[in-house]
Amino acid sequence: MNCPDKSFYFRSTEIVAKELIGKKLVRNTSNTYSKTRVRLSGIIIETEAYGFRNDSASHAFNGLTPRNGIMFGEVGRAYVYLVYGNHYCINVSARSDKIGAGAVLIRGLYPIEGRMIMRRLRKSKQVIDLTSGPGKITQAMNINRAQNGMDLTNPKNDLHIEFGVELPSFDVIATTRIGISRAIDKLWRFDCKNRLEHN
DNA sequence: TCGATGATTGAG
DNA sequence: TCAATCATCGAA
């Protein structure tokens, strides 16, 4: 498996969000039970694109703040933030040259490696509930603010995105984004159309 | 400072 | 349908 070139993320967030479907999010972390290192991974099956001045729902819409700096910086990095005081969301920073900021929210995974560990981190939930939401993904993969800013294009990092995943052909559909109150008309949510086995 | 809001989840 | 839960950000 290999990681994409940074140029992959130097494109509009819509394109990046769409093409991240089918790629693999990988997390190496310590197993709190056995104290050993474990590799967790899942195929990305749902994403959302967030822009800059063209997107009133984006954290970057009103300009640079202490929180959203990653969206304005080098592309291909993890933007992790706490939402609703309860859950972390993980994004990948992306933007074309002409846009000053952006990110792609990873909303859904098809769990591949380390399902039993994920199950424990998620408190023994059914497999279908392990990573079917942004807050669930970070909980299942032990992702928090410590990973904010991590370079996801470096395969040596404990959090990264791998390409070259073997998958049967699949279609991606675009729909409206979830959980936002502004720019609700944009079709910037991307979903893997065909169902992968979820058990 | 202060208050409103939020890229969610799980329980009832 | 609704509470949990708190960092963030703009306004005061």
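Remember, predicted model here, so these are calculated numbers, not experimental data. Note on naming: letters A, B, ... go to the chains in the order of the sequence lines (proteins, then strands), and numbering restarts at 1 for each one.
- Partners of R95(A) according to the side chain to side chain donor-acceptor pair (under 3.5 Å) rule, which considers only residues two or more places apart in sequence or in another chain, do not exist here.
- With sequence neighbours excluded, no residue forms a side chain to side chain donor-acceptor pair (under 3.5 Å) with E14(A).
- The residue I180(A) sits close only to the backbone: its heavy atoms come under 4.0 Å of sugar-phosphate atoms, none of a base.
- Ion pairing of E162(A) with R39(A) is present here, as a side-chain N (NZ or NE/NH1/NH2) and a carboxylate O approach within less than 4.0 Å.
- With sequence neighbours left out, D191(A) forms a side chain to side chain donor-acceptor pair (under 3.5 Å) with R189(A).
- Rounding to the nearest 0.5 Å places CZ of R77(A) at 7.5 Å from OG of S93(A).
- For the atom pair CE of M116(A) and CG of L130(A), the computed distance is 9.5 Å after rounding to the nearest 0.5 Å.
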Using a cutoff of under 3.5 Å, can you pull out all pairs of nitrogen or oxygen atoms linking the protein to nucleotides 2-4 of chain C, with atom names and distances?
{"unit_1": "dA4(C)", "atom_1": "N3", "unit_2": "N86(A)", "atom_2": "ND2", "d": "3.0"}

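- Within the 3.5 Å criterion, the main-chain N or O of Y84(A) finds a donor-acceptor partner in the side chain of N86(A).
- Partners of R37(A) according to the salt bridge (charged side-chain N to carboxylate O under 4.0 Å, His left out) rule, which considers only residues two or more places apart in sequence or in another chain, are D158(A).
- Between Y79(A) and Y81(A), the ring centre distance stays below 6.0 Å.
- If you look at F8(A) and F163(A), their ring centroids are closer than 6.0 Å.
- Between G85(A) and R122(A), the residue anchored nearer the 5' end of DNA chain B, judged by the nucleotide with its closest heavy atom, is G85(A).
- For A140(A), the side chain to side chain contact (heavy atoms under 4.5 Å, CB included) partners are M118(A), R122(A), T131(A), not counting sequence neighbours.
- Under 4.0 Å is where a charged nitrogen must lie from a carboxylate oxygen, and between R119(A) and D129(A) no such pair does.
- You'll find the side chain of V80(A) stays beyond 4.5 Å of the side chain of N91(A), heavy atoms only.
- Of all nucleotides in DNA chain B having an atom under 4.0 Å from a heavy atom of chain A, the first and last in 5' to 3' order are dG6(B) to dG10(B).
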Give me, pair by pair, the N or O atoms of the protein and of nucleotides 8-10 of chain C that are less than 3.5 Å apart, along with how far apart they are.
{"unit_1": "dC9(C)", "atom_1": "OP1", "unit_2": "T65(A)", "atom_2": "OG1", "d": "2.3"}

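- The stretch residues 60-73 of chain A participates, sequence neighbours left out, in these side chain to side chain donor-acceptor pair (under 3.5 Å) pairs: T65(A)-N68(A).
- K6(A) pairs by the side chain to side chain donor-acceptor pair (under 3.5 Å) definition with D151(A), T153(A), not counting sequence neighbours.
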(message) In dot-bracket form, 5' to 3', how is DNA chain C paired? Count Watson-Crick and G-U wobble pairs only if both distances fall under 3.5 Å, and write | where the partner sits on another strand.
(response) ||||.||||||.
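- Within a heavy-atom distance below 4.0 Å of DNA chain B, no residue of residues 9-22 of chain A is found.
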